[in-house]
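Report on the structure given below.
Treat the numbers as computed from the prediction; the structure is a model and nothing was measured.
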Amino acid sequence: MSEFLFLTSWFVPLYSLFGAILTLPWGLGIIQRTGPRPAAYFNLLTTFLAFVHSLFVFKDIWDREPQNLLVSWFKAADLDLSFALELSPVSIGATVLITGISLLAQVYALGYMEKDWSLARFFALLGFFEAALSALAISDSLFFSYCLLEVLTLSTYLLVGFWYAQPLVVTAARDAFLTKRVGDLLLLMAVVTLSTLAGSLNFSDLYEWAQTANLSPMASTLLGLALIAGPAGKCAQFPLHLWLDEAMEGPNPASVMRNSLVVAGGAYLLFKLQPLLALSPVALNALVIMGTVTAIGATLVSIAQIDIKRALSHSTSAYMGLAFLAVGLQQGGVALMLLLTHAIAKALLFMSSGSVILTTQSQDLTEMGGLWSRMPATTTAYIVGSAGMVTLLPLGSFWAMLAWADGFVSISPWVIGVLLLVNGLTALNLTRVFRLVFWGKPQQKTRRTPEVGWSMALPMVTLTILTLLLPLMLQQWYLLPDWESINWYVALALFASTVIGVVVGSTIYLHKAWSRSRILAWRFFQDLLGYDFYIDRIYRVTVVSAVALLSKISAWSDRYLVDGIVNLVGFATILSGQSLKYSISGQSQGYMLTILAVVSILGFFISWSLGLLDKLPF
């Protein structure tokens with residue numbers, strides 16, 4: 001039985017795909033009498049089957065050698081498009097994480113979107129979301145991975161624009177789609193280039209090619225930067241980071257999936273591209289710079305947000321920046337461990353924030369307060385999720401950060417400074433949000449706020465327990481360091497940065513009567529962070545203005561030059577035809593005279609040109 005489940009691991013993404021297809025009759029309105037609930041139940045059932053299947057395989061895969069499966073899709077001449085699948089502890093473990101969090105997010109969505117008229121359409125989109133993520137986890141082909149990233153881009157567009165009757169939602173979906181298209185286009189160029197250079201797009205073949213590849217510095221640099229562009233767009237990294245903030249306009253269950261798993265999909269692909277990126281030192285340096293700028297910048301921006309979802313989404317970009325930094329420093333194992341701990345903690349935080357949004361009907365932090373006594377399960381989920389995000393011993397993120405910092409304490413000490421800064425600022429931001437939402441006196445919208453129902457509380461409690469048990473699971477998988485090998489100075493510094501962030505976040509003055517400080521200097525700094533360093537305005541002045549100017553020039557040339565010449569020829573033809581109409585006499589001798597005159601003129605010019613040729617000295 002275990003052998004059969006292992007060999008059919010490729011079927012795990014198809015469970016979710018079948019579930020999404022089964023929900024289409026309800027999503028398209030073909031079936032209306034039963035309501036949308038049966039569609040949600042079908043999707044839940046298929047997701048549960050995918051989770052159980054992958055869990056059974058993951059239980060026994062530690063005793064097996066990684067296996068690759070090759071599925072040929074299209075062959076013509078030298079073109080060979082095949083889907084290579086990898087069955088290994090990392091890939092199967094990723095499918096367990098994806099299907100598990102997706103299952104909890106769907107149960108959560110039953111309560112969060114209980115009264116939404118298009119519930120079936122939402123579950124269908126979640127099914128496509130999950131199917132693409134699960135397939136990306138086991139993909140061993142760059143071409144197949146690129147196709148799956150395109151499916152994720154389309155799914156993000158549809159989920160962000162789910163409530164399409166709102167203009168701001170439509171704008172957010174459009175911006176998310178177009179921003180990702182920039183990175184996807186460059187990644188497609190890299191895919192086409194590698195198919196020509198290496199002759200194969202399977203990762204195993206690309207790794208062998210990379211060992212003997214002899215590329216010029218320019219070619220390797222351009223190839224590496226193009227490979228980075230796609231994951232940078234998916235992970236909301238600078239300068240393609242603005243879409244994640246706007247994507248918070250979508251339903252919160254989709255935000256749970258997006259901030260915990262979807263953005264991690266780009267970092268996972270980057271992890272698999274490490275041997276190819278190693279061909280270009282410039283590409284690795286670009287990863288380091290991009291990751292560092294995003295990690296520090298996004299953490300600073302999150303502190304000034306007064307929208308609860310945006311305050312959490314910017315920290316997602318920051319932690320993905322740390323993952324980019326790890327890959328740029330060729331520490332892929334650390335990046336994977338960081339993605340695991342972040343996914344569980346961030347899913348719990350967004351479930352907690354979604355519960356607050358649903359019960360208060362507000363996302364404004366300045367309108368909340370005093371919820372700790374009215375929503376104990378939500379408060380506990382937020383506290384545990386926050387502790388799982390920062391280096392609070394003994395939770396998961398502490399060990400991920402420690403494994404990374406311990407290896408670079410003597411080689412690259414500046415990395416320790418980045419980790420301490422990002423971790424301390426994250427602790428400060430999470431503490432600030434806790435004080436505004438759960439602490440203090442109840443506000444007008446929180447005085448009679450009840451706890452959420454079981455369908456939303458159950459996933460939160462489950463993830464709370466999982467976050468607390470994650471260190472034991474890491475120990476079971478032999479991912480925790482030995483006590484003798486731990487650098488306790490680094491561990492103490494990481495723990496101290498969390499404590500300092502919590503203390504500062506607990507003591508700074510937070511007044512809810514106004515969202516901006518009355519002190520001019522603080523207001524400038526707050527606006528600078530609150531508006532994301534005005535990067536969107538810089539883009540509007542530079543990139544958007546340049547594209548608009550080029551569009552105007554193109555429209556003018558098309559209208560007055562291209563169309564003008566065509567219209568001029570047409571008008572000349574019409575005018576000459578009208579003129580000839582009045583010169584026709586109907587007499588044959590007039591026609592013959594015209595023909596003789598034209599032939600005489602042509603003969604004159606021909607003889608004159610031949611005479612000139614005779615005089616030339618050759």
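- Judged as a side-chain hydrogen bond (donor to acceptor under 3.5 Å, both in side chains), and not counting sequence neighbours, the contacts of Y15 are H53.
- Side-chain N/O atoms of S362 and D364 include no donor and acceptor closer than 3.5 Å.
- With sequence neighbours left out, T99 forms a side chain to side chain contact (heavy atoms under 4.5 Å, CB included) with V12, A50, F51, S54, E130, S134.
- When the side chain to side chain contact (heavy atoms under 4.5 Å, CB included) test is applied to L69, the partners found at least two apart in sequence or on another chain are W10, Q67, L85, L87.
- Here F18 pairs with F11 under the ring pair (Phe, Tyr, Trp, His ring centres under 6.0 Å) rule; sequence neighbours left out.
- A donor and an acceptor atom, one from each side chain of E367 and T360, are nowhere located under 3.5 Å apart.
- A search for side-chain hydrogen bond (donor to acceptor under 3.5 Å, both in side chains) contacts involving D60 returns nothing, not counting sequence neighbours.
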Residues K234, T156; criterion side-chain hydrogen bond (donor to acceptor under 3.5 Å, both in side chains); working and verdict: CA-CA 10 Å; K234 292 294 181 296; T156 300; over 6 Å; no
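- Within a 6.0 Å sphere centred on CZ of F495, heavy atoms belonging to other residues, nucleotides or ligands number 12 at most.
- With sequence neighbours left out, the side chain to side chain contact (heavy atoms under 4.5 Å, CB included) criterion links S88 to P66, E86, V90, S91.
- Qualifying side-chain hydrogen bond (donor to acceptor under 3.5 Å, both in side chains) partners for N259, counting only residues two or more places apart in sequence or in other chains: T316.
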From CA spacing to verdict: side-chain hydrogen bond (donor to acceptor under 3.5 Å, both in side chains), E451, T378: CA-CA 8 Å; E451 184 60 273; T378 302; 2.8 Å; yes
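- S145 meets the side-chain hydrogen bond (donor to acceptor under 3.5 Å, both in side chains) test with S139; sequence neighbours excluded.
- The list of ring-ring contact (aromatic ring centres under 6.0 Å, His included) pairs with a residue in residues 316-369, not counting sequence neighbours, reads Y319-H342.
- Taking R310 as the reference, D245, E249, D307 meet the salt bridge (Lys or Arg N to Asp or Glu O under 4.0 Å) condition, with sequence neighbours excluded.
- Qualifying side chain to side chain contact (heavy atoms under 4.5 Å, CB included) partners for P36, counting only residues two or more places apart in sequence or in other chains: L119, A120.
- Aromatic pair F162/F122: ring centres closer than 6.0 Å.
- Judged as a side-chain hydrogen bond (donor to acceptor under 3.5 Å, both in side chains), the pairs with a partner in residues 493-506 (not counting sequence neighbours) are, in order, T391-T498, N423-S497, N423-T498.
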